[in-house]
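Notes for the one structure printed next.
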Protein chains: 2
Amino acid sequence: MTNSTPRPRRRGARVTLREVAEAAGVSTATVSHVLNETSGARIGPDTRQRVRDAADALGYRPNAAAKNLVTGTTRFIGLVADAIATTPFAGQIIHGAQDAAWRQGYTLLVANTAGNTEAERDAIAMMLDHQVQGILYSTWYHRAVELPAALRETNTILVNCYAPGSDLPAVVPDEVQGGRTATQALLDAGHRRIAFVNTTTPSPAHDGRLRGYGEALRAAGITVDPALVFDARPEQEGGYDVLPRVLEQGVTAVFCHNDRVAMGLYDAVRERGLTVPEDLSVMGFDNQEIIAAHLRPPLSTVGLPHGELGAAGVRLLLGQQDVPPGGRLEVTCPQVLRASVRNLGAAG
Amino acid sequence: MTNSTPRPRRRGARVTLREVAEAAGVSTATVSHVLNETSGARIGPDTRQRVRDAADALGYRPNAAAKNLVTGTTRFIGLVADAIATTPFAGQIIHGAQDAAWRQGYTLLVANTAGNTEAERDAIAMMLDHQVQGILYSTWYHRAVELPAALRETNTILVNCYAPGSDLPAVVPDEVQGGRTATQALLDAGHRRIAFVNTTTPSPAHDGRLRGYGEALRAAGITVDPALVFDARPEQEGGYDVLPRVLEQGVTAVFCHNDRVAMGLYDAVRERGLTVPEDLSVMGFDNQEIIAAHLRPPLSTVGLPHGELGAAGVRLLLGQQDVPPGGRLEVTCPQVLRASVRNLGAAG
DNA sequence: TTGAAAGCGCTAACAC
DNA sequence: GTGTTAGCGCTTTCAA
């Protein structure tokens with residue numbers, strides 16, 4: 001069945017470089033050179049054309065596995081994520097990493113571990129088997145992680161997380177600057193008595209944003225009043241519940257730990273017959289489009305640079321960007337102004 | 001530098017199967033057999049152990065490229081997505097596909113095309129070069145697509161989309177059933193005069209949910225009143241703006257095209273001093289957790305089965321599930337009840 | 001300017 | 001039970 005014709009194709013087999021060579025009447029080496037545009041290869045223009053035509057005519061496609069095998073190097077980058085379905089955050093990291101990788105001719109091998117250690121081990125093993133150039137180990141919210149041992153076998157960059165006691169490069173959002181930026185937006189609008197609704201969960205976001213809040217206040221000559229700092233669950237319900245207490249403090253503005261908290265707080269404000277921003281100015285954090293851009297009024301907030309985190313991760317991995325001393329690259333959280341902050345007219 | 005010792009390792013080269021064989025004092029074939037647990041291979045238990053020990057000791061890892069090359073088959077599945085960062089939807093598709101693929105020992109090659117035709121072509125080419133078993137072509141919202149020609153070169157399954165005029169298998173949400181389910185939830189709570197706020201955008205969701213709404217009503221013996229069907233932009237603003245008109249119709253319940261519309265509608269309801277569900281019962285669609293689960297009151301809705309779409313896609317691709325006649329697999333949209341529907345006490 | 005040939009790491013017949 | 005051997009499709013000296 002398959003042995004009566006010369007060099008029979010196996011089931012569904014694809015056109016090989018050798019077939020192109022035969023069709024063009026040249027050697028495989030020549031085909032390889034022209035198709036890869038190997039620099040320093042002296043091939044006549046006529047031959048070049050013949051090869052190209054043959055390749056096109058046959059619909060030739062290189063076999064990546066063969067190429068990988070012989071060069072001993074692949075253009076794969078692994079990306080392990082702990083939760084890609086919960087929020088758009090992981091998606092943004094993947095997107096950023098994808099684009100940056102793609103631009104360099106790299107392909108992403110994506111694995112979702114759902115926080116399962118075993119799945120994580122398997123995922124990393126598979127990536128290693130595929131000779132990835134390195135692995136981006138990412139989390140959907142900024143936090144400390146414990147590293148799977150297998151990561152030691154390849155280049156690893158931590159994205160949106162960091163490993164205490166490890167010296168692996170990490171790229172994370174600059175929470176302190178973010179907190180400073182959010183507070184500054186309020187200060188710039190003339191607010192002086194500004195509450196901060198922080199999260200109840202210990203995290204870099206908790207500590208960093210608080211610090212940024214304090215720094216901005218102090219830089220404006222305002223003493224931080226501990227009575228103005230609250231803790232609430234980082235969800236709508238937390239924001240809703242905390243409002244009465246912040247109102248008691250007679251503030252004109254609140255900086256919320258995240259947009260969800262701001263959303264809940266909006267509800268509580270409305271329920272008391274008050275309005276944002278007339279009675280209370282609000283800054284969020286995260287810039288979750290689906291909420292922030294569509295609240296009434298649209299919420300001013302500070303963005304989390306997830307896409308850039310992913311992109312910077314691959315640049316670090318590929319050596320296109322230097323790891324800063326200390327091993328931690330902190331990415332700026334951009335301000336995004338909408339309509340939830342009232343300008344008091346006076347600055348500072 | 002590298003040629004004074006026998007069989008020198010190249011820079012960072014990994015342990016090969018041959019080295020394991022030498023260490024264990026057996027042939028490469030034997031190692032291959034025991035490590036792959038090849039069925040029908042008669043290897044003594046002692047040898048088996050020796051091989052395993054040697055592999056462990058050396059930290060052996062198989063080279064996937066070599067394996068792929070020789071077997072002529074890979075365990076890659078390509079997934080092209082048009083937008084993975086916008087909503088959690090694509091993430092859920094990827095997650096579902098990932099899990100299903102992983103379970104069969106397959107790895108996902110993910111590409112984000114951002115609607116860019118050229119990026120799409122490149123992505124598919126790269127997947128083809130890697131000899132993927134097939135490609136899942138997906139969109140973040142259910143719609144018709146025009147297929148890139150390159151997809152013809154491999155097995156393709158459409159996920160959350162369909163290609164008019166093509167006979168490729170597609171797996172999509174059952175919009176009609178979804179619309180029926182949402183309406184039925186309202187009917188079950190005793191509502192009879194039910195508005196439907198549909199979207200302004202022509203789409204399978206627009207047509208399907210409308211049809212489901214009509215079917216449920218008619219099945220309950222209620223004539224569809226065209227005055228009760230509205231069109232609004234599928235966002236918060238659309239829901240907010242449409243409320244006055246639906247209130248004019250004296251309905252007791254509204255089925256909103258999606259959760260975002262419901263969220264905007266909530267705002268409008270509150271602004272008039274009314275409450276959900278006392279004055280108006282609301283059903284959403286999509287089950288966007290971040291909104292639906294945290295509105296006040298939490299929103300009853302119908303879920304979009306994105307994860308299952310992705311999972312079914314790989315099952316179809318891998319031949320573990322049959323493509324239904326007609327080529328379209330419609331996945332059920334589950335009801336998720338929360339607290340936005342008031343029970344009128346009477347059924348039907 | 002081009003071709004021959006070795007070999008990347010592994011699997012799969014087939015010997016023994 | 002275990003080893004030999006022939007490639008998979010490609011790149012890469014090196015020779016011509």
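Labels below follow one simple rule: chain letters A, B, ... track the order of the sequence lines, proteins then strands, and each chain is numbered from 1.
In this structure, N68(B) atom CG and dG9(D) atom C1' are separated by 12 Å, rounded to whole Å. Rounded to whole Å, the distance from CG on L69(B) to P on dG7(D) is 14 Å. We find that CD of Q49(A) is positioned 18 Å from C1' of dT2(C), with the value rounded to whole Å. Rounded to whole Å, the distance from NE2 on H130(B) to P on dC10(D) is 13 Å.
Few gaps surround OH on Y106(A); more than 12 heavy atoms of other groups in view lie less than 6.0 Å from it. In this structure, Y60(A) places its OH atom where more than 12 heavy-atom neighbours from other residues, nucleotides or ligands lie under 6.0 Å away. Other residues, nucleotides and ligands contribute more than 12 heavy atoms inside 6.0 Å of the CG atom of D46(A).
Relative to the axis of its first five pairs, the axis of the last five pairs of the helix from dT1(C)-dA16(D) to dC16(C)-dG1(D) sits at 40°, rounded to 10 degrees.
A salt bridge (charged side-chain N to carboxylate O under 4.0 Å, His left out) check over residues 140-151 of chain B, counting only residues at least two apart or in different chains, returns the pairs D82(B)-R143(B).
Among the protein residues, G40(B) comes within range of no part of the nucleic acid, since none of its heavy atoms lies under 4.0 Å from any strand.
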Anything under 3.5 Å between a protein N or O and an N or O of nucleotides 10-12 of chain C, put it in a table, one pair a line.
| residue | atom | partner | partner atom | Å |
| --- | --- | --- | --- | --- |
| dC10(C) | OP1 | Y60(B) | OH | 2.4 |
| dC10(C) | OP1 | N63(B) | N | 3.2 |
| dC10(C) | OP2 | L17(B) | N | 2.3 |
| dT11(C) | OP1 | N36(B) | ND2 | 3.0 |
| dT11(C) | OP2 | S32(B) | OG | 2.8 |
| dT11(C) | OP2 | N36(B) | ND2 | 3.4 |

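Proximity of a side-chain donor or acceptor of T74(A) to a complementary backbone N or O of N68(A) within less than 3.5 Å is not detected.
Aromatic ring centres of H130(B) and F76(A) lie closer together than 6.0 Å.
Between W140(A) and F89(A), the ring planes are parallel. Angles under 30° get that label, and only those over 60° would be called perpendicular.
Heavy atoms only, all atoms of each residue included: T154(A) and G134(A) are closest at OG1-CA, 3.6 Å.
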Candidate pair D53(B) and Q49(B), rule side-chain hydrogen bond (donor to acceptor under 3.5 Å, both in side chains), full reasoning: CA-CA 6 Å; D53(B) 290 348; Q49(B) 201 50 52; 3.1 Å; yes

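OP1 or OP2 of dT2(D) has not a single side-chain nitrogen or oxygen of T30(B) nearer than 4.0 Å.
Among the nucleotides dT2(C), dT1(C), dG9(D), the one closest to the side chain of R42(A) is dT1(C).
Between R48(B) and Q131(B), it is R48(B) whose nearest contact on DNA chain D lies nearer the 5' terminus.
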